[in-house]
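Step one of this worksheet: look at the structure below.
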Amino acid sequence: MTARIGVVTFPGSLDDRDAQRAVRLAGGEPVALWHGDADLQGVDAVVLPGGFSYGDYLRAGAIARFAPAMTSVVEQARRGLPVLGICNGFQVLCESGLLPGALTRNAHLHFVNRDQRLRIESTDSAWTNGYESGQEVVVPVKNGEGNYVASTEVLDELEASGRVIARYLGTNPNGSARDIAGIRNERGNVVGIMPHPEHAVEDLIGTAGTDGLVFFTSVLKALVDA
Amino acid sequence: MSEYDAANDSAGPLPSGRSFVDTVARTVETPDLDQPFLELGLKDDEYTAIREVLGRRPTQTELAMYSIMWSEHCSYKSSKVHLRQFGDLPKGDRMLVGMGENAGVVDVGEGLAVTFKVESHNHPSYVEPYQGAATGIGGIVRDILTMGARPVLVMDPLRFGDADHPDTQRVLPGIVAGIGGYGNCLGLPNIGGEVVFDPTYQGNPLVNALCLGVMPVDRIQLSAARGVGNVVVLLGAKTGRDGIGGVSVLASATFDADGPTRRPSVQVGDPFMEKLLIEACLEMYDAKLVEGIQDLGGAGLTCALTETAAAGKSGMRAHLDRVPLREASMEPHEVLASESQERMLAIVTPQNLPAVLAIADKWGVLATAIGEVVEGDRLVVEWHGEVVVDVPPGSLADEGPVYERPYSRPADQDELQSTDLPAYPRTDELQELLLRMVASPNLCSRRWVVEQYDRIVLGDTVLAWPEDAGVVRLSESGLGIALSTDGNGRYTRLDPYAGAQLALAEAYRNVAATGAVPIAVTNCLNFGSPEDPDVMWQFAEATRGLADGCRALATPVTGGNVSFYNSTAGTAINPTPVIGVLGLLDDVARRTPMGFAEEGESVLLLGETRDELGGSEWAWAEHRHLGGRPPAVDLDRERVLAEVLVSGSRDGMLSSAHDLADGGLAQSLVESALAKGIGARIVLPADMDPFVQLFSESAGRAVVTVPRSEELRFTEMCDARGLPCTRIGVTDGSTLDVQDVLSLPLEELREAHERTLPALFGPLAGGTAPSDPVATAPATGAV
């Protein structure tokens with residue numbers, strides 16, 4: 001049976017169809033979910049896509065966390081549902097309390113879109129188990145508020161428990177603390193990543209290659225193994 | 001308010017207090033009231049014409065409407081007689097909707113149609129760079145949405161004053177941030193455009209915005225309001241006082257030093273609202289709930305009401321007091337003139353109204369029934385039960401004044417064309433020259449700009465900046481389009497007829513270089529004041545050149561935009577027709593990129609190089625020289641070159657292709673080498689000055705690379721079609737080496753090419769050093 005991966009569309013979501021395509025290319029069945037509907041249709045995992053949910057008003061992700069769909073996502077994530085938040089989705093996960101810390105305005109104050117080298121730091125998650133630990137990959141970054149911040153204690157705890165899943169190599173594109181590009185929760189089912197793996201899934205499209213596809217094949221594997 | 005102002009107001013012909021509104025009934029009581037038509041930009045004879053149309057004096061509100069709709073921006077009164085040439089061109093077999101609607105529509109096969117258009121937002125961007133540029137994107141996107149299409153990409157041809165001039169420092173960062181801020185938030189990839197610096201644009205930057213959308217052929221929407229009893233629904237943002245006078249104050253008059261005091265005439269954008277509006281409208285189209293639709297752009301509700309009524313040859317009654325307002329004290333003429341962004345006007349049957357309101361509600365979009373289609377042929381606008389407007393809508397929309405503006409060849413044109421070029425440099429100076437040229441503002445890397453744009457959202461971007469043309473996939477079958485915009489104000493200044501054709505030829509060539517077949521044209525014609533006979537001559541020549549060029553290349557014009565009054569301190573800008581060419585690829589997997597792909601492949605120069613440096617980047621960058629004649633135009637050659645580039649791509653013979661334009665062969669080689677970090681050894685033919693071979697800007701040329709195994713087949717194809725093809729070298733190593741002329745490591749070229757804009761406008765985001773391997777070596781990615 002093909003795994004069904006939900007992609008939540010909020011008002012202002014932009015990379016939702018792109019995430020659906022990535023799920024399909026990885027071999028999963030994408031399911032469109034609507035922010036106003038608490039019913040997650042029994043999906044096996046959820047992607048919170050990139051974009052500007054609710055126009056990023058107040059703070060990026062701050063309003064989206066109150067969407068009925070998010071209430072269900074938070075509840076089921078606490079029971080182990082794999083959830084991947086990409087870019088704006090990462091911001092929503094932090095605002096929802098599923099992941100610690102926050103994402104603030106890029107240190108240089110510009111939106112930046114470029115292909116970014118990353119090192120996969122932890123393969124111990126539902127979304128990165130297909131990578132080699134320490135593997136270097138190229139995934140595009142495109143954000144205006146991707147500067148990850150957290151208290152020293154939280155950062156130390158993330159490092160100590162192996163919960164930093166990816167780090168920027170070369171230039172840190174947004175000023176994130178300790179070059180952090182993505183983190184996971186204790187259990188490893190919830191991952192937030194600022195770069196866009198769903199935009200590195202086809203050789204033909206963009207210039208980054210296909211390194212990002214493994215995020216989506218990883219979750220399919222995790223679901224089979226579970 | 002000073003005493004003087006107060007006295008002036010109360011003594012004025014049309015008091016503007018809230019308690020008083022000029023109605024049609026009142027015009028009978030005060031038939032000869034003095035009206036401020038001159039202040040509103042109308043001429044004596046235009047005011048007389050309005051009185052004739054109405055058979056009475058206009059109300060205050062009507063007068064405001066005529067002044068807007070008969071402005072240059074809305075009526076095209078100076079350009080219309082010249083633009084007719086485009087309408088006379090053969091339509092070809094792909095054009096579904098031509099000029100006259102909001103944007104032309106082209107059939108691309110598989111049941112899909114594409115609509116695209118480029119527009120200017122020059123003056124607002126000068127006054128308020130961020131919002132001016134942002135709402136330029138917003139406006140063109142709504143034009144595309146209005147046709148029934150989902151917008152899928154944007155491009156921005158931009159022109160600024162000298163790169164180090166304070167005004168450029170003031171406007172460029174805001175304009176780039178505004179384009180990014182709006183386009184990124186809408187989720188539209190920005191796949192190309194131009195950044196050009198020239199002092200002629202100081203104090204009058206050109207901010208043109210292009211959008212392309214795609215739709216099933218049977219979803220095309222038109223703007224006509226038809227069907228008595230149908231409901232007129234205003235969708236989107238509330239109406240405020242922003243942008244009042246945008247078209248008449250900003251776009252239809254010469255600019256002066258008080259620009260920044262006109263900020264209230266610039267609209268303020270909300271891309272989030274526009275995103276919701278897009279999704280809501282597309283859902284309504286798919287459910288076939290809309291009889292007619294029109295975006296609200298320049299001239300706001302005035303334009304939308306009159307154009308939908310005029311197009312449908314219908315009567316219409318609108319109730320202005322139902323329009324949701326941001327500011328309750330707004331007067332009727334303000335409501336009608338407001339250019340508040342993110343609004344659309346839909347014509348809906350009463351049966352479909354509940355479904356339309358439900359979709360709007362789902363997306364959080366305000367939807368208000370503000371009127372209805374009625375019997376007859378009048379547009380009647382009421383305000384709290386009183387009639388403030390009662391006009392034949394066609395008199396506003398279609399029957400505005402048309403001028404045959406006088407024109408004459410500028411007195412200095414002959415002198416300009418006969419100016420001698422500066423002395424050419426010696427061969428031993430060319431290495432240093434190349435390093436200066438690739439770092440010059442017009443030829444240096446645009447990374448600083450384009451990294452602020454999302455180029456990949458929607459997941460269909462096959463090629464984007466710095467490629468010759470953007471390429472986007474439209475369907476899973478691989479069907480896709482290529483788009484390029486080009487313009488050269490210097491060439492056009494030297495010879496407007498040739499300059500327009502050179503811009504067309506370059507865009508056409510750029511599209512063909514990717515392997516796409518060029519099929520249609522859009523344009524944005526940026527010129528000075530039409531009241532200046534010199535400028536009008538430039539305009540007449542450029543439009544004639546463009547029309548002749550489009551006929552020769554069999555690429556119909558699907559639509560466009562004219563921007564006049566681009567001048568500051570009495571000096572017109574260089575005439576700048578920006579031409580967009582659309583190409584079609586049946587399979588985007590066979591697109592040809594511009595970067596050298598492999599070592600050991602043959603480098604072939606297609607076309608002929610002549611001693612043509614008039615108006616060139618070399619003459620400008622090195623000597624600030626503008627004179628002589630631009631390169632010769634040979635459109636038959638352009639056609640053959642395009643056919644060879646397309647065939648080479650179809651048959652899988654080409655590894656790379658890059659057109660030659662500004663900066664000539666030298667610039668093209670550098671860009672192709674830097675793309676993936678693969679160098680070349682070049683041997684120039686001995687029969688011509690190496691300087692001319694490297695820096696001449698002769699048109700109709702491209703550099704391609706082919707694997708050795710394909711070389712014979714490819715050169716035979718060129719021979720058979722009569723296209724000159726010269727083997728000039730081989731891709732190799734990490735140096736660009738031109739035998740006996742220059743030898744430069746790619747890293748040195750890259751450093752020179754990349755440093756200029758960060759040095760002028762601040763470090764790249766994150767302070768990327770040019771030596772960063774990923775950020776600078778697109779072999780693994782990056783721009």
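Chain letters run A, B, ... following the sequence lines, proteins first and then strands; every chain starts at 1.
No more than 12 heavy-atom neighbours from other residues, nucleotides or ligands sit within 6.0 angstrom of NZ on Lys238(B). When the shell of 6.0 Å around CD of Glu132(A) is examined, it contains 12 or fewer heavy atoms from other residues, nucleotides or ligands. The environment of Arg17(A) atom CZ is sparse: at most 12 non-hydrogen atoms of other residues, nucleotides or ligands sit within 6.0 angstrom.
Of the atoms belonging to Leu276(B), it is side-chain heavy atoms, and not backbone ones, that fall under 4.5 Å from chain A. Within the 4.5 angstrom heavy-atom criterion, only backbone atoms of Leu186(B) (N, CA, C, O) approach chain A. Proximity to chain A (any heavy atom under 4.5 Å) is shown, for Glu279(B), by neither the backbone nor the side chain. If you measure heavy-atom distances from Glu198(A) to chain B, you find no contacts under 4.5 Å at all.
Looking at Asn190(B) and Asp454(B), their side chains never bring a donor and an acceptor atom within 3.5 Å of each other. Looking at Thr461(B) and Arg455(B), their side chains never bring a donor and an acceptor atom within 3.5 Å of each other.
Interface summary for chain A: among Lys275(B), Met273(B), Gln452(B), the most heavy-atom pairs under 4.5 angstrom belong to Gln452(B). Annotation: maximal heavy-atom pairing with chain B below 4.5 Å, among Leu14(A), Asn106(A), Asp15(A), occurs at Leu14(A). For chain A, the option among Val457(B), Ile278(B), Val176(B), Val462(B) with the highest count of heavy-atom pairs below 4.5 Å is Val457(B).
With Ile481(B) as the fixed residue, the side-chain contact (heavy atoms from CB on, under 4.5 Å) test singles out one of Val471(B), Leu153(B), Val214(B), Val152(B): Leu153(B).
Within residues 140-152 of chain A, the residues having any heavy atom under 4.5 Å from a heavy atom of chain B are, by residue number, Pro140(A), Lys142(A).
Checked against a 6.0 Å centroid threshold, the rings of Trp34(A) and Trp363(B) count as neighbours. The aromatic ring centres of Tyr57(A) and Phe272(B) sit less than 6.0 Å apart. You'll find the ring centres of Phe215(A) and Trp127(A) outside the 6.0 Å limit.
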